[in-house]
Amino acid sequence: MEYNFRDIEKKWQQWWSENKVYKVSNDSPKPKCYVLDMFPYPSGAGLHVGHPLGYIASDIYSRYKRLKGFNVLHPMGYDAFGLPAEQYAIEHGIHPAVSTAANIKNFRSQLDKIGFCYDWDREVNTSKPGYYKWTQWIFLQLFNSYFCHTEKKALPISKLIKKYEEKGAVPKTGEFIPGKHFTAEQWKAFSEKEKADVLMRRRLAYCGYGEVNWCEALGTVLANDEVVNGVSERGGHPVVKKTLRQWYLRITEYADRLLEGLDKVDFSDAMKEMQTNWIGKSTGAEIDFKLWGGASPLPSPGGEEISQDPVKEKFFRTADSGNWHILKKYGRENRKDPTEAEDILWQRLRNNQLGAKVRRQHAIQGYIADFVFLEVKLVIEVDGEYHNEEEQKIYDDARTKFLNEFGLQLLRFTNEEVISNTEKVINEIKSSIEQQRQKFKTTAADGELSPSPQGEGRGEAKLRVYTTRPDTIFGVDFMVIAPEHELVEEITTDEQKQAVDEYIAYVKSRSERERMAEKKISGVFTGAYALNPFNGREIPIWISEYVLAGYGTGAIMGVPCGDERDHRFAKHFNIPITNIIGEYYTGEDANPTYDAVLENSDFINGMKMKDAIDVVVRKVEEMGIGQRKVNYKMRDAAFSRQRYWGEPFPIVWKNEIAYPLSESELPVELPHMDDLKPGPDAQGPLANLTEWINLPSPSGEGLGVRREVNTMPGYAGSSWYFLRYMDPDNEKEFCSRKAADYWGQVDLYIGGTEHAVGHLLYSRMWTKFLFDLGLIEHDEPYKRLVNQGMIQGSSRFAYFLTVNYSSLNSESKSTRVFLSKKWVDIIESDNTQKFISEKISEVLGKKIALHHVDVSYGEKPIPTHVDVNIVDGVELDIEAFKRWRSGEYANAEFILEDGKYICGVETEKMSKSKFNTVNPDDLVMKYGADTFRMYEMFLGPVEMSKPWDTKGIEGVHRFLKKFWRLFFKESNSPSPQGEGRGEAFLVTNDEPTAEELKVLHNTIRKIESDTERFSFNTGVSAFMIATNELTDLKCHKRKILEPLLILLAPYAPHISEELYAQLRNSPSPPGEGGGEASILNASYPVFEDKYVKETTKAYPVAINGKTRSELTLSLDVTQEQVEQIVLQDPIVQKWLDGKTPKKIIYVKNKMINVVI
RNA sequence: CCGGAUGUGGUGAAAUUGGUAGACACGUCAGACUUAGGAUCUGAUGCCGUAAGGUGUGGGGGUUCGAGUCCCUCCAUCCGGACCA
């Protein structure tokens, strides 16, 4: 009887499905085991052979654990929301719901063919309301929670409100900063809007502002990888950064716990390192540097006294050289100090008292305004008595003009006005704010939440940097600020303005990715200087894209002798380098050492760098110019997308305040839309659905309640799906506590490293959050993580030259001539084109009498991808190639080698466009699922990336056939169908020999340990070895084959199930309820040491480390005995050549080495 | 650029703790059986060499009786870098 895998696999897949053999119960006396594959996105391209790699590994493991007596949860489902479906809809007019459903259907049918043991009754789909209701529900919990820094966990926001009502938000130590801190009384006086804004600063899901890649031409926001060289991938339109209101998850609050949690999980060190780096915790200090105008003092015009305050000095110097009166202005200010009037006004304006945030003494384009409401562009000036002075008037007018040019409204009061008629002044300011607000249609929320790296409520002109190396403070030779830094505009001098503007424009056109990937050093000098607070040294301030706005303060101090990037920067721009680390710095390369003894470093001279760090930080804190600071590279996770195909937010807006919907209003279903074009003002498509957006006001006031139109990102649904599998149909909860407690953590999670920092961190955070709320009992979702390698494509290339020729009786023609690889290599190396040209003439000449042939000399053969499915190894199926691509190459000519066309080979990413994808369906059809599964495993270690080559699959298929022949004699003559086993069945009930038992038990040990440690490739090879050995021994004994079959069942379930049934003398599947007859419920064979014990060992005998001989010795020989035996060995004697060995090394059970 | 990983025959790979490098397969070559072979079986196969032998795990250096494995250094390739999932 032959191994008819098609019938066998079909039969058993059907039987498994009909009998629901993979259905898993949440209630079992067996120990539980949760094996999970990373959530697949059902892409339109379907599965290629790379995808199932991890699924097969986890399937083998699941089946293995089941045989070992575990209740195994092994589910599968779909991360069905996502950008590709939306993009497909825009391009092809197919609704995402439709294409996604079709993709899922295809996906499922592909999976089914491979014979996985998923419990399909637990399938989940993130785009179904029954699922995303709970995604929205969890979002609401995040929205309604804050992170308590004392308890280091999430708590309900109601607790925070209570705290504010009772105690306000006052600092335990340090100064009370208006705008940041407030008293309980102030809290109570806040408007609803103000309260909402304050709370928004703490919610775990919050609204803020963020930059996106905006493409005006496409009217849409683009993903980073949709932007190439500053233009959109589709269409090549320009892309710029645009600031939009966005939702965020405050994952940064969990940074420390995400780091600590890594100690509790079994992830690879590489994975832990990647997450650690991503979180990027660093300890350092923030240090303020005062701004300074320039290196050499300008001659003092008119004998005016020059300010001693470098801050103000700076603005004098950066002004137009003709503006000598500005000096006067700052001279005046310098004398003035905060006036009584200013103080009065400040007390009335600060802290949002007029519904807008105010800054005092804030620098704008080289001017320092007394008060500025940035959000409404309103400037308040309080003047002394000297505004009648002629020149001051000129200046004031010029200034007003200037401010107007920048769209700033200026309001001017005298000191007396403010002091004597404060209310009037306040009212005037109030109405101006209103006017301005109308004018700009901005909201209070805009200004409130815009980042303010300068510190709240204080407009002093200083540059705050973050550094992890405060010890290098005296090695600072320049400052670098991010191009987006708030100070850029303010500090840039007129001379440098053009250069800076050009540079900013250049940076704006680049993606963050490109900025970080850029090798070339770029930057521009602002013209401004900062002062080193310790020695007063002037430090030039530069702008460069290698400093990112989002990290630290968006400004760094450049220490070229100690930092590689700073060093390159200094070299490139010829900035002199200060050496503070003596001979540690060679002048060639930076040395980031911590061990050097500091030089040129004032009060820390002679100190070791690592010791100096603390000294400097303390000094900085003492001086009040900065503080110790822990920083994280990780940023809060952007949680909204300007897209259609995602979860709608359960949020409505009223008067610019976000209100959560109640649980009873969930799910907020995604409304149907036919046209998915973007909404106005960079909003997502949902913004076009007026009737959906606008809701009647709950209090009956009519209009004004609008739905949130953003949708959630792809990782929303996938951040908690592992919990839904535990209780997929629960309509009352996202997952019952009972189910969550029963299944607990995922015991084994398999997926690619591409999720290392995205999905894995988010889902870990959500788990911690749900844990904080007391909804689940684990705060780490995945106990053990295995990363599968990527299967790359092995592309095949054909090479052609375009040849022009003419025959004697017709006009000239042009044709493509494909050259086999050999000729291509010859052309590339020897340049023997004449030879090739003759070949071409020869080929063409067979058909027509040639008159003239013209090969474009100097042109190399052009490689073109060939579909790997029409190439056998490297040999091209020319006939198939001619039919390929609707006959594009039907008329091409071929120059062969040995009658074959040999293709070139290159390893690339597997993708349709490279014609190197291999569909598992085809392989399953040709060789069967069992062969396919085992071959995928046989390719190499699961964790390793490797190129796919279908060639080797034959070997695995041969193995299964050989294995089959241990049970059945394959007859050459076809036997009548349905006859079942007859005399062809070879299995006997004879007692096995010691040798046979040794083979079996060696295999049990090997397979068990290999499966346990995911070494499936060596596992497959162990099956091959066992089968080869048993074939040699002509072993057909039940007592050997049945345990072997159980070992094989996780790897090749179909053939095992069939042979198991045959062994049980039941040629057809057991009937209903006959589950115990299935191999799935067999018990795993137990390894017994006694069958594999050895008494002797063939030792390699090495002379000076080189193996020269072999001696078989008993395992219990002593060193003396070994020396004696070894010295008598003729080969050893030959190598000794009469000499006495210096030493004989004998390692029991390993080797013997004779040292001469 | 930053971070991670990987480099072993013609190919995929094995060598679990520093101890016989290349198991198991693919491919290739030779042979057997056969009307036939893209079936099956047998043998050979890292490289140089008729052989003895030499040489060999990306390159260079080191530790060791002994290094694919440990250390230093250089190089190459692949993956990820926050709106692809």
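Quick note on labels: first sequence line is chain A, next is B, and so on, each numbered from 1.
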What would the secondary structure line of RNA chain B be in dot-bracket form, counting Watson-Crick and G-U wobble pairs under 3.5 Å, with [ ] for pairs that cross earlier ones and | for pairs with another strand? (((((((..(((......[....)))((((((.......))))))(((....)))..(((((..]....))))))))))))....

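Put simply, the side chain of A:E86 gets close to the backbone of A:Y644: a donor and an acceptor are under 3.5 Å apart.
Nucleic acid contact for A:V221: base, since at least one base atom lies under 4.0 Å from a heavy atom of the residue. Counting non-hydrogen atoms under 4.0 angstrom, A:I1152 reaches nothing in the nucleic acid. Within 4.0 Å (heavy atoms only), A:K272 reaches no atom of the nucleic acid at all. Looking at heavy-atom distances under 4.0 Å, A:P941 makes contact with sugar-phosphate atoms alone, never a base.
Atom pair A:I90:CD1 and B:C83:C1' shows a separation of 13 Å (rounding to whole Å applied). Nucleotide B:U11 holds its P atom 16 Å from the CD atom of A:Q792, rounded to whole Å. As rounded to whole Å, 12 Å separates atom P of B:G54 from atom CD1 of A:I1103. For the pair A:H957 NE2 and B:G27 C1', the interatomic distance rounds to 18 Å; values are reported in whole Å. Atom C1' of nucleotide B:A52 and atom CD1 of A:I1131 are separated by 14 Å, given to the nearest angstrom. At whole-Å resolution of the value, CD1 in A:I791 and C1' in B:C78 are 14 Å apart. Going from atom CG of A:L960 over to atom P of B:C26 covers 13 Å, rounded to whole Å. Between the C1' atom of B:A14 and the CZ atom of A:R1013 lies a distance of 11 Å, rounded to the nearest Å.
Across B:G66 and B:G49, the matching C1' atoms stand 27 Å from one another, rounded to whole Å. Comparing B:A30 with B:G37, their P atoms are spaced 14 Å from each other, to the whole Å. A distance of about 22 Å separates the P atoms of B:G54 and B:G58, rounded to the whole Å. Straight-line distance between the P atoms of B:A32 and B:G19: roughly 44 Å, to the nearest whole Å. Rounded to the nearest Å, the gap between the P atom of B:A67 and that of B:A21 is 10 Å. Going from the C1' atom of B:C71 to that of B:A23 covers 29 Å, rounded to whole Å. Spacing of C1' atoms, B:C79 relative to B:U73, comes out at 24 Å, to the nearest Å.
Within residues 1014-1022 of chain A, the residues having any heavy atom under 4.0 Å from RNA chain B are, by residue number, A:N1017, A:T1018, A:S1021.
A:Y749 has its ring centre no less than 6.0 Å from the ring centre of A:F722. Taking the centre of each ring, A:Y3 and A:W964 come in below the 6.0 Å mark. Less than 6.0 angstrom separates the ring centroid of A:Y132 from the ring centroid of A:F81. Separation of the A:F39 and A:Y721 ring centroids falls under the 6.0 Å cut-off. Aromatic ring centroids of A:F1023 and A:F963 lie 6.0 Å or more apart.
Side-chain to base pairing of A:Q642 with B:C83: one donor and one acceptor N or O lie within less than 3.5 Å of each other.
Taking every side-chain heavy atom of A:W1135 into account, B:G54 is the closest of B:G54, B:A13, B:G4. Candidate nucleotides B:A5, B:U6, B:A85 were compared by shortest atom distance to the side chain of A:L83, and B:A85 ranks first. When the nucleotides B:G27, B:G4, B:C83 are ranked by their closest atom to the side chain of A:R958, B:G27 comes out on top.
The number of heavy atoms from other shown groups lying within 6.0 Å of CG (A:D269) does not exceed 12.
In terms of position along RNA chain B, the nucleotide closest to A:K1006 lies nearer the 5' end than the nucleotide closest to the other residue of the pair A:Y715 and A:K1006. RNA chain B is contacted by both A:T753 and A:A270; A:A270 maps to the nucleotide lying nearer its 5′ end (nearest heavy atom per residue).
Note: A:H48 and A:H51 have tilted aromatic rings, judged against thresholds of 30 and 60 degrees for the angle between ring planes.
Annotation: side chain of A:Y927 is in contact with side chain of A:E954 (closest heavy-atom distance under 4.5 Å).
Considering only side-chain N and O atoms, A:R965 lies nowhere under 4.0 angstrom from the phosphate OP1 or OP2 of B:U40. Distances shown here put every side-chain N or O of A:S268 at or beyond 4.0 Å from the OP1 or OP2 atom of B:G4. OP1 or OP2 of B:A82 has not a single side-chain nitrogen or oxygen of A:R635 nearer than 4.0 Å.
A pairwise comparison of heavy atoms in A:V49 and A:W948 identifies CG2-CD2, 3.4 Å as the closest pair.
Shown are A:V871, A:N869, A:V868; of these, the side chain to side chain contact (heavy atoms under 4.5 Å, CB included) with A:N916 is made only by A:V868.
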